[in-house]
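Quantities reported herein were computed from a predicted structural model and do not represent experimental measurements.
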Amino acid sequence: IREVSPEELRESEEMARTKAQTDTLTELPNREAFLNDVQTAVAVFKRQGPPPEGGSKPAILSVDIDRIKTVNEGLGLDGGDQLLLLMAQRLNETIAPEDKLARLSGGEFAILTQVKHDSDEIMDLAALLHDVMAQPLTIEGTEIFPSIIIGISICHDIDQAAESLLSEAQQALHEARKDGEGSTKVYEPGMGIDRSRELEFEAELRRALENYEMEVYYQPIMDLNDGHIAGFESLIRWNHPTRGLLSPSQFVPRAEELNLIKSLGHFALSMTSLQLSQWQSFFMLDRPLFASVNVSTKQLLDNDLINEFAGVMNSVDLAPNSLKLEVTESQLIENQEQAIDVLRKLKELGGGVVLDDFGTGHSSLERLKSFPFDTIKIDKSFVKELSEDNQSLVLVKSTVDLAHNLGMDVVAEGVEDEKVGQVLCDLGCNYAQGYVFGAPMTAMEAQAFIANYWAN
């Protein structure tokens, strides 16, 4: 296998970073890139000081395109995409050259600008955006009368985090939606928070583990060489008594704020290890089934994780390196030396270590060399266009070659059709997961899934 040169790797990393920070439809910066710009603007604000003695203050306009759902239903997804592209173009042509525009998700865009005095000047910009964006346009022969809703946040604290400033703009946007199309709201402290509901949700979350409302789901990871089941990624779900099945994004951030994430992580690790041990005893395979569990930053930087993992490994019979812990690149930046030490000790205890979302953070040869990873997961943003985009093909091929040269396996995430799976197989990728193989499923469904592929 030809070795990848440092120059090729640096070029591949730069291509990966650019692609990972670009919205595929509009080719605008995405949320990650936008937050980097906001962070830079806040750093400049901190260095220069507030006006009038210093420079201007960073401000964010969170802009929501109204009627996207109506257009999607009436003209199909292609019509909705055309509307988004035209509105993105209008936004870009209206803002100042030094302002930053990004698409966050769906019909939501964000603008980073600067204000020198108070909110009047940014309200003038909001009024201009309302006027420009409300001009009718024609899509597939149908005249559309678009509108927008705007939420605004202005940075007053030189130590404010980029995420916080964007969150304030989005909270203001949420309040503006209550007034209907064409509305604008500027963030005020306490806006958008239902205190009674927050306290109620916190109490429900604390009781959820005691009431056995949490459940681990398993998404299959397939061996691309022979088409057999190789393992699973375990994903926690909350069977809420009134709101139904909740995904991690709906409760994990709150669990982290309340310091409940360690309890959730322990539950996921314990349940996964017990289930994996049972499957390995039921299904004798040449290469034992594996399962990977996501680890939060608070868990990773907590010394209790090592004792917890040792207890799990002593309580169940598992094949070496089959119980894997997944961490993302962004988690490794905060305290790299401590993270390296923790992961090495986990490896010594017989665990596997997976680098998740590879390519979306600050990938480097040094980090891959320093950390004891045995598996790399290629982020779905590089996988979904693999059969049509030559750049994605080059990036994935480089990653697969690099991983294999370093003695690591590769898992591709987000595989949605068999054609992409075949391309990945041809590139030498070891494993893949995605809805073409199976959605996250209960333990009973996963066992039937294993039996089907084991028998065949």
### Query
Any side-chain heavy-atom pair from Ile111 and Ile60 closer than 4.5 angstrom?
no
- request: Ignoring hydrogens and angles, state whether a donor on the side chain of Glu32 or Asn36 is under 3.5 Å from an acceptor on the partner side chain.
  value: no
**Message:** Within the 3.5 Å criterion, strictly below it, is a donor on Ser322 or Gln280 matched to an acceptor on the partner's side chain?
**Reply:** yes
- Go through the side-chain N and O atoms of Ser167 and Gln171 and say whether any donor and acceptor fall under 3.5 Å apart. yes
Between the CE atom in Met214 and the CG atom in Leu264, the distance rounded to the nearest 0.5 Å is 5.0 Å
Side-chain polar contacts of residues 344-355 - donor-acceptor pairs under 3.5 angstrom, sequence neighbours left out - could you list them?
unit_1	atom_1	unit_2	atom_2	d
Arg344	NH2	Ser370	O	3.1
Lys345	NZ	Asp341	OD2	3.2
Lys347	NZ	Asp374	OD2	3.2

**Prompt:** With a 6.0 Å cut-off on ring centres, are Trp238 and Phe201 close enough?
**Reply:** yes
Expected output: side-chain Gln447 to main-chain Met444 donor-acceptor under 3.5 Å: no
Problem set entry | Glu308 atom CD, over 12 foreign heavy atoms within 6.0 Å | yes
Rounded to the nearest 0.5 Å, the CG atom of Leu325 sits from the OG1 atom of Thr375 at a distance of 11.5 Å
Taken in chain and number order and not counting sequence neighbours, the residues that satisfy side-chain hydrogen bond (donor to acceptor under 3.5 Å, both in side chains) with Ser292 are Glu326
Taking the six-membered ring for Trp, are Phe232 and Trp279 parallel (under 30°), tilted (30 to 60°) or perpendicular (over 60°)? tilted
(message) Does Glu418, at its CD atom, have more than 12 non-hydrogen atoms belonging to other residues, nucleotides or ligands within less than 6.0 Å?
(response) no
CZ (Arg103) and CG (Leu84) are apart, to the nearest 0.5 Å, by 5.0 Å
Do Ile152 and Tyr187 come close enough that some side-chain heavy atom pair is under 4.5 Å?
-> no
Do Asp304 and Gln299 pair up side chain to side chain, a donor and an acceptor below 3.5 Å, judged on atom types alone? no
Sequence neighbours excluded, the answer for ring pair (Phe, Tyr, Trp, His ring centres under 6.0 Å) partners of Phe34 is none
Handout entry: SB check Asp426 Lys419 (cutoff 4.0 Å)
Key = no
| said: Do Leu305 and Val295 have side chains that approach each other closer than 4.5 Å (heavy atoms only, starting at C-beta)? | reply: yes
All heavy atoms of Thr26 vs all of Ala88, minimum pair found to be CG2-CB, 4.1 Å
Distance-only polar pair, side chains of Gln219 and Gln433, donor-acceptor under 3.5 Å: yes
Verify the neighbour count for atom CG of Asn225: are there more than 12 heavy atoms of other residues, nucleotides or ligands below 6.0 Å?
yes
Requested in this report: Flag the pair Tyr218 / Leu235 as yes when at least one side-chain heavy-atom distance between them is below 4.5 Å, and no otherwise.
Outcome: no
*Side chains of Met271 and Gln275: does their closest heavy-atom pair fall under 4.5 Å?*
no
- Query: Cut-off 3.5 Å, side chains only: do Asn430 and His404 have a donor facing an acceptor?
  - Reply: yes
Checklist line | Residues His240 and Glu213: side-chain donor-acceptor under 3.5 angstrom | finding: no
**Request:** Kindly indicate whether the side chain of Leu318, heavy atoms from C-beta on, has any atom under 4.5 Å from the side chain of Ser273.
**Result:** yes
Using only atom types and a distance under 3.5 Å, with no angle test, would you say the side chain of Ser281 pairs donor to acceptor with the backbone of Gln278?
yes
d(Leu224 CG, Tyr431 OH) to nearest 0.5 Å is 9.5 Å
To the nearest 0.5 Å, atom CZ of Phe282 lies from atom CG of Leu289 at 12.5 Å
Checking Asp401 against Ser398: is there a side-chain donor and acceptor pair closer than 3.5 Å? no
Review point. Do the non-hydrogen side-chain atoms of Met441 and Pro220 ever get within less than 4.5 Å of each other?
Key: yes
In terms of side-chain heavy atoms, does Glu215 have a donor or acceptor partner in Asn239 at a distance below 3.5 Å?
yes
Requested in this report: Taking only Lys NZ, Arg NE, NH1 and NH2, and the carboxylate oxygens of Asp or Glu, determine whether Glu108 and Arg31 approach each other closer than 4.0 Å.
Outcome: no
Original post:
Considering only heavy atoms from C-beta outward, does the side chain of Phe290 approach that of Asn321 to under 4.5 Å?
Top reply: no
d(Thr22 OG1, Leu28 CG) to nearest 0.5 Å is 9.0 Å
- Query: Where do Lys185 and Glu175 land on the salt bridge (Lys or Arg N to Asp or Glu O under 4.0 Å) test, with the steps shown first?
  - Reply: CA-CA 7 Å; Lys185 289 283 188 182; Glu175 290 299 304; over 6 Å; no
- Between Asp99 (side chain) and Ile95 (backbone), is there a donor-acceptor pair under 3.5 Å? no
